[in-house]
Peer 1: 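Could you have a look at this structure, given as structure tokens, before my questions?
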Amino acid sequence: ADIPPEGALVLPQQRVAVVRDGGDFLAFDLTCTHLGCTVKVTELGFSCPCHGSRFGRGGQVLKGPAPRALERLALARRDGIIRVTRG
């Protein structure tokens, strides 16, 4: 509930972002799938400052050179708490 609609909570030390898309919450690893740089959260999704890859709010590749989507992380909500785990 603390994440505004269409907003994101970024945890830079963990390289994780939790994105709110309407009533849904999605969690992503912020490691670019090209060469491992840390992507930045933008209004439209994610962008890699190293080589220009862009990703949509769902983690999908919009512009390379990234070869695949951002890794989606497992997310569980319970009693107002969001827990994110890596596979």
Peer 1: Inspect cysteines C37 and C48 and report if their side-chain SG atoms are under 2.5 angstrom from one another.
Peer 2: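 Not so, these two cysteines form no disulfide.
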
Peer 1: Can you sort out the partners of R54 under salt bridge (Lys or Arg N to Asp or Glu O under 4.0 Å), two or more places apart, ordered by chain and number?
Peer 2: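 By the salt bridge (Lys or Arg N to Asp or Glu O under 4.0 Å) rule, R54 matches no residue at all.
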
Peer 1: State, with a plain yes or no, whether a side-chain heavy atom of R83 is found less than 4.5 Å away from one of L75.
Peer 2: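 They are not in contact (no side-chain heavy atoms under 4.5 Å apart), so the answer is no.
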
Peer 1: Taking salt bridge (Lys or Arg N to Asp or Glu O under 4.0 Å) as the definition, give me every residue that meets it alongside R86, ordered by chain and number, with sequence neighbours left out.
Peer 2: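 Here the qualifying residues are D29.
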
Peer 1: Sequence neighbours left out, what passes side-chain hydrogen bond (donor to acceptor under 3.5 Å, both in side chains) with T42? Give chain and number order.
Peer 2: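 Residues passing side-chain hydrogen bond (donor to acceptor under 3.5 Å, both in side chains) with T42: none at all.
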
Peer 1: Which pairs count as disulfide (SG to SG under 2.5 Å) when at least one residue sits in residues 51-87, sequence neighbours excluded?
Peer 2: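 Counting only pairs at least two positions apart or across chains, no disulfide (SG to SG under 2.5 Å) contact touches residues 51-87.
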
Peer 1: Under the salt bridge (Lys or Arg N to Asp or Glu O under 4.0 Å) test, which residues partner E71, sequence neighbours left out?
Peer 2: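 Salt bridge (Lys or Arg N to Asp or Glu O under 4.0 Å) list for E71, sorted by chain: empty.
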
Peer 1: Less than 4.5 Å apart, side chain to side chain, heavy atoms only: is that true for V18 and L26?
Peer 2: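 Result no, sub-4.5 Å side-chain heavy-atom pair not found.
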
Peer 1: Taking L73 as the starting point, is it possible to reach V19 by hopping between hydrophobic residues whose side chains are less than 4.5 Å apart?
Peer 2: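 No, separate clusters.
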
Peer 1: Are P65 and S53 close enough that some pair of their side-chain heavy atoms sits under 4.5 Å apart?
Peer 2: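 A side-chain contact under 4.5 Å exists here.
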
Peer 1: Does V61 have any side-chain contact (heavy atoms from CB on, under 4.5 Å) partners at least two apart in sequence or in another chain, and if so, which?
Peer 2: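 Testing V61 for side-chain contact (heavy atoms from CB on, under 4.5 Å), a comparison that skips the adjacent residues, returns F55, A66.
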
Peer 1: With rounding to the nearest 0.5 Å, note down the distance linking CZ in R57 to CG in D24.
Peer 2: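 Between atom CZ of R57 and atom CG of D24 there are 11.0 Å.
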
